[in-house]
Amino acid sequence: MNLSDLTRNSYMLQGSLTKRGYVRWWHSFSGTEPETGKTRTFFVEIFVVNPGLGQERPILGWRPRSKRHGPRPSYVMVKAGVFPDESGEGGRQLHTFYPISALEATGTPLVMRLTGDDASPCQKGDCLYSEDRLKGFVYVTQEEARHRSFMADAGYMEWDLTVLKELSCHTGIRGGKLFQSLHLLDSYWHGEGIRSYFKGSVTLDDVIYEVTPELSYGYADKHWGRRFDRHWFQFACGCLESSRSEGQLRHSALALTAFSPRFLCFPLRRRFLVQLTYMDEDFECSRCKWEAKETENRYIWHILAQNKDVVIKISGSCTKWELLQLRYESPDGKRVKSPLQAGSGGIGTLQFYRKTPQGRELRDSLKLKGALCIFRD
């Protein structure tokens, strides 16, 4: 449902999750280079793992020579980067690691500050995250990028952005206090800004990109828990073109997420949640049928979602060369074997039907462009 919940978007690693848990706040948005008009899609993420094990320096858990006996990680990682362009070029992810002691976090609404030490090869400069502001930078040298434990490419990125989160996606009781206090699930998701407006600038190496609200097509969400989902799928789009009105829809967005957490120690079937905001009207569907296939060049998905009022048919795809493999290590210190693939070049179509006593009535057909695709098989 379209329900803002700043409490659920706050810093929530408590109890056993402080020593075996993670939380990640994700943001993605588009910016344009003024001189050339070229548009790129950027991302900024704050990732905290095992804060209860924190020391005065970041503890990186994964070591190539000691995969089994490495320490459990404990740090704050700022992940920033840019997705590959249409030709599959230019994709990068940059990481800076801070010790837990460098983190200052408030309650609700959340404000996080990270204070860096320029003398450390892992951390440089200050970063700020709040519900309406993102500011910071990441710099990775060629020498640092050669360290496999950093999991990073080389480069420099700086950002100073304001954020307005217009639409939210709330998972209801499954992400509530009862489930969390009893540790009934091992992973959770909340979409506080499935349609967000970013404004400001991004500097990638020596190139400055302007970020304007209407063209940013921003997205923001949060994951947290004891372990990453075994299967992960997200498809979100803020650029919807209507065949009915023959133009781009304002105040409209599609967010589709599929998650399969464990209930206690029992794996659950993959569950889908589709939220369509169409002309300021919200529709949520959890009854979904799913079909996926892979061709030589593309990943393709077909989803049929419905509730008592509407039927939504979605066909989406993305090219393989526009995807970036996001690198993480899990709270137990292991490198995640199955990579999380992400890109911003998703396209597709959506048919939106109203249910009537006579059957289905086609309300609109939409074209989807520039969709965010994040998935793990």
Side-chain angles (χ1 to χ4, degrees), residues 26-32 38-45 81-93 167 169 189 191 193-196 198 214-221 223 229 231-243 248-249 252-259 270 272-278 285 288-305 312-326 339-352 364-377:
W26 171 272
H27 314 79
S28 55
F29 51 90
S30 295
T32 303
K38 186 176 182 179
T39 299
R40 302 295 302 271
T41 300
F42 303 91
F43 55 88
V44 175
E45 177 185 339
V82 60
F83 289 124
D85 59 20
E86 296 179 354
S87 62
E89 301 295 328
R92 272 184 292 171
Q93 57 188 311
L167 302 175
C169 187
W189 175 82
I194 63 170
R195 175 72 189 257
S196 297
F198 289 77
E214 290 298 328
L215 299 178
S216 64
Y217 303 113
Y219 178 90
D221 70 3
H223 287 83
D229 277 353
H231 303 290
W232 194 322
F233 179 74
Q234 291 176 257
F235 188 87
C237 185
C239 184
L240 283 64
E241 295 183 356
S242 168
S243 61
Q248 186 173 322
L249 297 179
S252 301
L254 169 70
L256 190 158
T257 184
F259 44 93
R270 181 181 293 187
F272 285 84
L273 178 62
V274 175
Q275 180 174 309
L276 172 65
T277 298
Y278 175 84
C285 303
C288 300
K289 294 183 179 180
W290 153 276
E291 179 185 359
K293 65 179 181 179
E294 177 182 350
T295 67
E296 182 179 355
N297 296 319
R298 306 188 75 89
Y299 294 101
I300 302 171
W301 306 280
H302 299 287
I303 299 100
L304 176 63
I312 300 172
K313 293 183 177 181
I314 305 167
S315 294
S317 70
C318 66
T319 58
K320 294 181 178 180
W321 55 81
E322 291 181 85
L323 295 173
L324 186 68
Q325 292 190 355
L326 302 180
L340 191 63
Q341 301 193 75
S344 61
I347 60 173
T349 59
L350 184 151
Q351 283 76 45
F352 174 42
D364 205 346
S365 295
L366 309 177
K367 288 185 178 180
L368 313 176
K369 298 195 308 182
L372 175 69
C373 305
I374 306 178
F375 64 95
R376 176 189 295 126
D377 295 331

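Under the salt bridge (charged side-chain N to carboxylate O under 4.0 Å, His left out) criterion, Lys38 pairs with Asp85, sequence neighbours left out. Residues satisfying the ring pair (Phe, Tyr, Trp, His ring centres under 6.0 Å) test with Phe235, not counting sequence neighbours, are none. A search for side-chain contact (heavy atoms from CB on, under 4.5 Å) contacts involving Thr277 returns Leu167, Gln275, Asp282, not counting sequence neighbours. By the salt bridge (charged side-chain N to carboxylate O under 4.0 Å, His left out) test, Glu86 pairs with no residue at all, sequence neighbours left out. Annotation: side-chain contact (heavy atoms from CB on, under 4.5 Å) contacts of Ser28 (sequence neighbours excluded): Trp26, Phe43, Tyr219, Leu372. With sequence neighbours excluded, the residues forming a side-chain contact (heavy atoms from CB on, under 4.5 Å) with Ala255 are Ile194, listed by chain and number. By the ring pair (Phe, Tyr, Trp, His ring centres under 6.0 Å) test, Tyr217 pairs with no residue at all, sequence neighbours left out. In this view, Ser317 and Arg298 satisfy the side chain to side chain donor-acceptor pair (under 3.5 Å) rule, not counting sequence neighbours. Considering only residues two or more places apart in sequence or on other chains, Glu294 meets the side-chain contact (heavy atoms from CB on, under 4.5 Å) condition with Tyr299, Lys320. For the salt bridge (charged side-chain N to carboxylate O under 4.0 Å, His left out) test, no residue two or more places apart in sequence or in another chain qualifies with Arg376. Applying the ring pair (Phe, Tyr, Trp, His ring centres under 6.0 Å) test to Phe233 and every residue at least two apart in sequence or in another chain returns Trp290, Trp301. Partners of Lys289 according to the salt bridge (charged side-chain N to carboxylate O under 4.0 Å, His left out) rule, which considers only residues two or more places apart in sequence or in another chain, do not exist here.
Heavy atoms only, all atoms of each residue included: Ser315 and His302 are closest at OG-ND1, 2.9 Å. Heavy-atom minimum distance, Cys288 versus Val274: SG-CG2, 3.9 Å. Of all heavy-atom pairs spanning Arg195 and Gly238, the tightest one is NH1-O, 3.3 Å.
Rounding to the nearest 0.5 Å places CG of Leu350 at 8.5 Å from OG of Ser365. Atom CG of Leu249 is separated from atom CG of Asp364 by 6.5 Å, given to the nearest 0.5 angstrom. The CG atom of Leu304 sits 9.5 Å away from atom CD1 of Ile312, with the distance rounded to the nearest 0.5 Å. A distance of 12.0 Å separates SG of Cys285 from CD1 of Ile303, quoted to the nearest 0.5 Å. Phe42 CZ to Ser344 OG: the interatomic distance, rounded to the nearest 0.5 Å, is 10.0 Å. Put simply, CG on Leu366 and OG on Ser252 are 8.0 Å apart, with the number rounded to the nearest 0.5 Å.
A side-chain donor-acceptor contact under 3.5 Å links Gln93 to the backbone of Gln325. Panel note: side chain Thr39, backbone Thr32; no donor-acceptor pair is recorded below 3.5 Å. Panel note: side chain His223, backbone Trp189; no donor-acceptor pair is recorded below 3.5 Å. In this structure a side-chain-to-backbone donor-acceptor pair under 3.5 Å is present from Ser196 to Gly193. Judged by distance alone, with hydrogens and angles left aside, the side-chain atoms of Arg40 form no donor-acceptor pair with the main-chain N or O of Ser30 at under 3.5 Å.
At a threshold of 4.5 Å between non-hydrogen side-chain atoms, the residues Trp232 and Leu340 count as touching. Within the 4.5 Å cutoff, side-chain heavy atoms of His27 are placed close to those of Phe198. Within the 4.5 Å cutoff, the side chain of Ile347 has no heavy atoms near those of the Cys318 side chain. Two residues are said to be in side-chain contact when any heavy atoms from C-beta on lie closer than 4.5 Å; Cys239 and Gln248 meet this criterion. Side-chain contact between Leu368 and Thr349 is absent, with no heavy-atom pair separated by less than 4.5 Å. Between Val44 and Phe29, some side-chain heavy-atom pair lies under the 4.5 Å cut-off. Contact check for Thr41 versus Val82: no side-chain heavy atoms found under the 4.5 Å cut-off.
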The test is side chain to side chain contact (heavy atoms under 4.5 Å, CB included); show your working for Leu273 and Thr257 and say whether it passes. CA-CA 5 Å; Leu273 178 62; Thr257 184; 4.0 Å; yes
Apply side chain to side chain contact (heavy atoms under 4.5 Å, CB included) to the pair Leu240 and Tyr278, showing each step before the final yes or no. CA-CA 9 Å; Leu240 283 64; Tyr278 175 84; 6.0 Å; no
